[in-house]
Visitor: 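This is the structure, below, for whatever I ask next.
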Amino acid sequence: MTTPEKVIREDVRAVTAYHVPPAAGMVKLDAMENPYGLPDALRREIGELVEGAAINRYPDPAALALKARLRSTMQIPDEFDILLGNGSDEIIQVVVLAAARTGAVIMAPEPTFVVYRMAAAAAQLRYVGVPLRSDFTLDADRFLAAMAEHRPAVVFLASPNNPSGNLFPEPDMERIVAAAPGLVVVDEAYQAFAGRTFMGRLARYPNLLIMSTVSKLGLAGLRLGYAVARPEWTREFDKMRLPYNVGVLAQLVGEKLLAHHSVLEEQAAAIRSERARLGARLAQIAGVTPFPSDANFILVRVPEAPRVFEGLKRRGVLVKSLHGSHVLLANCLRLTVGTPQENRQLVAALADTLAET
Ligand SMILES: *Cc1c(COP(=O)(O)O)cnc(C)c1O
């Protein structure tokens, strides 16, 4: 009899699946989603668009209309090309697969976004994580030394970094790009909350790719990510992309929402000011140490993260526990910035949980 053991790779069977806990009825602050819905008028416009959509047809494989809108909204210079993905997760996979020569190395500071490591493992590549300092700042000298030793084909730099929330200093990032023997992907998933982009460096560095997504901006359910790089790079990655990776509805709705980008920008501004308020309140709770954030979440260290996580859950608040995922993340929880009301619930539940003995 044919069983999965005879067919599926050993390394695939050995991994534990990425777990997303059920969140029905909870204050959901675990996944960096924008808590604000869209205005009614815009929802109606989307309804009409979907009503008229030709979903019997395959999507435009080049997504020309959406790309043109993305270019004008995100001020992408004409000399660079855009690659679209079903979320930027897919772009990570495409880049890693295209670079997957035997023995190739993927490198990133650690702790960081887990999908870099997952994509490397799926392509059976070696992943080298270079530890950040204990305060999650980038040790550029250590990173440069690791690059010299391991000669990575692809380096991923998430800035702001997930799960720490901090930006890496631009001069350090430039040193890494200048010294890298391969491609450097700067992942700007949280750009809307940081107000800083490396896009302007594309002209100077031929081995740089800027990746972003509309997910954290408020459209996580759409699944739309993008990369910007010189055509020499995007041309190759485009061959690895499956032809219809961005569906008709994602293209239509993405284009419409980018035309109303100011709505999303205003929501991002509200989240940024809530972040400051939440950070200040967290710092006042005895035992809670928040780390500085330029993203839409705040990493905190608490006395006993697993117990605090459960206490919050019992009080109806779902956050992400990172305890056990990396030595530097011992007793850390990642809290997504929600609405003012949700953040008040979070702070109350946290204070309540910590007061329990
Ligand atoms: C959330 C996240 C992404 C993935 O975004 P999608 O476009 O939703 O796939 C990429 N990079 C980082 C650093 C993230 O935190």
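It should be emphasised that the depicted structure is a prediction, and the values quoted were computed from it without experimental measurement. We're numbering straight along the sequence, starting at 1.
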Visitor: Once you round to the nearest 0.5 Å, how far does CG of L208 lie from CG of L183?
Guide: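 With rounding to 0.5 Å, CG (L208) is 7.5 Å from CG (L183).
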Visitor: Shortest non-hydrogen contact from P290 to G279?
Guide: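 Nearest pair, atom of P290 first, then G279: CG-O, 3.9 Å.
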Visitor: For I55, look at atom CD1 and say whether over 12 heavy atoms of other residues, nucleotides or ligands are found less than 6.0 Å away.
Guide: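 Counting other residues, nucleotides and ligands, CD1 of I55 stays at 12 neighbours or fewer.
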Visitor: Determine whether a donor-acceptor pair (N or O, by modelled atom type, separation under 3.5 Å) exists between the side chain of R334 and the backbone of V319.
Guide: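 Flag not set: sc R334 to bb V319 has no pair under 3.5 Å.
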Visitor: Evaluate salt bridge (Lys or Arg N to Asp or Glu O under 4.0 Å) for E236 paired with K239, printing each intermediate quantity in order.
Guide: CA-CA 6 Å; E236 301 306 325; K239 299 175 199 168; 2.7 Å; yes
Visitor: Below 4.5 Å, heavy atoms only, C-beta onward: do P111 and L322 meet side chain to side chain?
Guide: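 They are not in side-chain contact.
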Visitor: Would you call L70 and L84 a side-chain contact if the rule is heavy atoms closer than 4.5 Å?
Guide: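 Counting from C-beta outward, L70 and L84 do come under 4.5 Å.
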Visitor: Which atom pairs, donor and acceptor, lie under 3.5 Å between side-chain atoms of residues 33-41 and protein residues at least two apart or in another chain?
Guide:
{"unit_1": "E33", "atom_1": "OE1", "unit_2": "K28", "atom_2": "NZ", "d": "3.0"}
{"unit_1": "E33", "atom_1": "OE2", "unit_2": "K28", "atom_2": "NZ", "d": "3.3"}
{"unit_1": "N34", "atom_1": "OD1", "unit_2": "Y36", "atom_2": "N", "d": "2.8"}
{"unit_1": "N34", "atom_1": "ND2", "unit_2": "L217", "atom_2": "O", "d": "3.0"}
{"unit_1": "N34", "atom_1": "ND2", "unit_2": "Q267", "atom_2": "OE1", "d": "2.8"}

Visitor: Where do F297 and Y190 land on the ring pair (Phe, Tyr, Trp, His ring centres under 6.0 Å) test, with the steps shown first?
Guide: CA-CA 10 Å; F297 59 86; Y190 300 96; 5.2 Å; yes
Visitor: Less than 4.5 Å apart, any side-chain heavy atom of E45 and any of H260?
Guide: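 Counting from C-beta outward, E45 and H260 do come under 4.5 Å.
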Visitor: List the atom of F168, the atom of P109, and the distance in Å for their closest heavy-atom pair.
Guide: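 The answer is CE1-CG, 4.1 Å.
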Visitor: Is atom CZ of R13 surrounded by more than 12 heavy atoms (other residues, nucleotides or ligands) closer than 6.0 Å?
Guide: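 Enclosed.
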Visitor: Give the intermediate values and the outcome of side-chain contact (heavy atoms from CB on, under 4.5 Å) for residues F143 and D172.
Guide: CA-CA 10 Å; F143 202 89; D172 287 344; over 6 Å; no
Visitor: Taking all heavy atoms of A123 and all of L97, pick out the closest pair and write down the distance.
Guide: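 So the two residues come closest at CB-CD2, 4.1 Å.
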Visitor: At what distance, to the nearest 0.5 angstrom, does OG1 of T339 lie from CZ of R344?
Guide: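 Atom-to-atom, T339:OG1 and R344:CZ are 7.5 Å apart.
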Visitor: What distance separates S321 OG from D30 CG, expressed to the nearest 0.5 Å?
Guide: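 Between S321 OG and D30 CG, I get 11.5 Å after rounding to 0.5 Å.
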Visitor: Dump the intermediate steps for ring pair (Phe, Tyr, Trp, His ring centres under 6.0 Å) on F291 and F136, then the final yes or no.
Guide: CA-CA 9 Å; F291 290 91; F136 305 109; 5.0 Å; yes
Visitor: Should N166 and L299 be marked as a side-chain contact (heavy atoms from CB on, under 4.5 Å) after you check the CA-CA gap, both sets of side-chain angles, and the distance that decides it?
Guide: CA-CA 10 Å; N166 55 321; L299 186 75; over 6 Å; no
Visitor: Side chains of L138 and N161: does their closest heavy-atom pair fall under 4.5 Å?
Guide: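 A side-chain contact is absent here, since even the closest heavy-atom pair is not under 4.5 Å.
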Visitor: Spell out, as yes or no, whether a donor-acceptor pair under 3.5 Å connects the side chain of R315 to the backbone of G311.
Guide: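 Such a contact is found between R315 side chain and G311 backbone.
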Visitor: More than 12 non-hydrogen atoms from neighbouring residues, nucleotides or ligands closer than 6.0 Å to CZ on R43, yes or no?
Guide: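 12 or below, so no.
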Visitor: Going through the distances and angles, do D11 and R9 end up as a salt bridge (Lys or Arg N to Asp or Glu O under 4.0 Å)?
Guide: CA-CA 5 Å; D11 58 318; R9 275 163 33 193; 2.9 Å; yes
Visitor: If you count every heavy atom of other residues, nucleotides or ligands that lies below 6.0 Å from E79 atom CD, does the total exceed 12?
Guide: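 It does: E79 CD has more than 12 such atoms within range.
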Visitor: Determine whether I210 and W233 fall in the same hydrophobic cluster, where Ile, Leu, Val, Met, Phe, Trp and Tyr are linked whenever their side-chain heavy atoms lie under 4.5 Å apart.
Guide: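 No, no single cluster joins them.
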Visitor: In the single-linkage hydrophobic clustering (I, L, V, M, F, W, Y; side-chain heavy atoms under 4.5 Å), do V228 and F237 co-cluster?
Guide: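 No.
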Visitor: Can you confirm whether the side chains of E110 and Y127 place a donor and an acceptor under 3.5 Å from each other?
Guide: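 Judged by distance alone, the side chains do pair up.
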Visitor: Are V105 and R151 packed together at the side-chain level, in the sense that at least one heavy-atom pair is separated by less than 4.5 angstrom?
Guide: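 Sidechains of R151 and V105: no contact.
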Visitor: Let's go through E274 and R277 carefully: what are the C-alpha distance in whole Å and the side-chain angles of both, what is the deciding distance for salt bridge (Lys or Arg N to Asp or Glu O under 4.0 Å) to 0.1 Å, and is it a yes or a no?
Guide: CA-CA 5 Å; E274 263 307 297; R277 247 191 308 274; 2.6 Å; yes
Visitor: Quick one: CD on E90 to OG1 on T213, what's the gap to the nearest 0.5 Å?
Guide: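 So the gap between those two atoms works out to 11.5 Å.
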Visitor: Go through the side-chain N and O atoms of S293 and R275 and say whether any donor and acceptor fall under 3.5 Å apart.
Guide: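 There is no such pair (donor and acceptor under 3.5 Å, judged by atom type) between the side chains of S293 and R275.
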Visitor: Minimum heavy-atom separation for A53 and V248, please, with both atom names.
Guide: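 In this case the closest contact between A53 and V248 is CB-CG1, 4.2 Å.
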Visitor: Is it true that L282 and F309 fall in one hydrophobic cluster, defined by side-chain heavy atoms closer than 4.5 Å?
Guide: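 Hydrophobic grouping puts L282 with F309.
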Visitor: With side-chain contact (heavy atoms from CB on, under 4.5 Å) as the test, would you mind laying out the steps for T112 and F156 before giving the verdict?
Guide: CA-CA 9 Å; T112 191; F156 286 97; over 6 Å; no
Visitor: To the nearest 0.5 Å, how far apart are CG in L66 and CG in L258?
Guide: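 Here the rounded value is 6.5 Å.
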Visitor: Among L125, V184, L209, I106, find the residue that satisfies the side-chain contact (heavy atoms from CB on, under 4.5 Å) test when tested with V154.
Guide: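 One option only clears the test, and that one is I106.
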Visitor: Determine whether D238 and R241 satisfy the following criterion, salt bridge (Lys or Arg N to Asp or Glu O under 4.0 Å), listing intermediate values before the conclusion.
Guide: CA-CA 5 Å; D238 211 39; R241 177 181 69 84; 2.8 Å; yes
Visitor: With a 4.5 Å heavy-atom cut-off, do R126 and H150 have their side chains touching?
Guide: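 The answer is yes, as the side chains (C-beta and beyond) meet within the 4.5 Å cut-off.
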Visitor: Between R272 (side chain) and A192 (backbone), is there a donor-acceptor pair under 3.5 Å?
Guide: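 Yes.
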Visitor: Under the 3.5 angstrom rule, does the side chain of T73 hit a backbone N or O of R69 as a donor-acceptor pair?
Guide: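 Flag set: sc T73 to bb R69 pair under 3.5 Å.
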Visitor: Taking it one step at a time, do V177 and R201 satisfy side-chain contact (heavy atoms from CB on, under 4.5 Å)?
Guide: CA-CA 10 Å; V177 178; R201 302 300 200 292; over 6 Å; no
Visitor: Would a single hydrophobic cluster contain both M32 and I298, if residues Ile, Leu, Val, Met, Phe, Trp and Tyr are joined by side-chain heavy-atom contacts under 4.5 Å?
Guide: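 Yes, I298 and M32 fall within the same hydrophobic cluster.
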Visitor: Say you draw a straight line from CG of L335 to CG of L29; how long is it, rounded to the nearest 0.5 Å?
Guide: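 One gets 7.5 Å once the value is rounded to the nearest 0.5 Å.
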Visitor: Could you tell me whether the side chain of R223 reaches within less than 4.5 Å of the side chain of S215, counting heavy atoms only?
Guide: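 When only atoms from C-beta onward are counted, R223 and S215 do touch, with a gap below 4.5 Å.
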Visitor: Any ion pair linking D81 and K67 (charged N to carboxylate O, less than 4.0 Å)?
Guide: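 D81 and K67: not salt-bridged.
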Visitor: Should V114 and L329 be regarded as members of a common hydrophobic cluster, given that ILVMFWY residues are connected when their side-chain heavy atoms come within less than 4.5 Å of each other, either directly or indirectly?
Guide: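 Not linked; separate clusters.
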Visitor: Taking the side chain as C-beta and beyond, is there a heavy-atom pair between L257 and V263 under 4.5 Å?
Guide: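 No; the side chains remain at least 4.5 Å from each other.
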Visitor: Between A146 and M107, what is the shortest heavy-atom contact and its length?
Guide: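 Distance-wise, the nearest heavy atoms are O-CE, 3.4 Å.
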Visitor: Apply side chain to side chain donor-acceptor pair (under 3.5 Å) to T197 and E188, showing your working.
Guide: CA-CA 7 Å; T197 175; E188 297 191 340; 2.7 Å; yes
Visitor: Over all heavy atoms of both residues, which pair between M240 and A98 is shortest? Give the atoms and the distance, please.
Guide: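 For M240 versus A98, the nearest heavy atoms are CE-CA, 3.8 Å.
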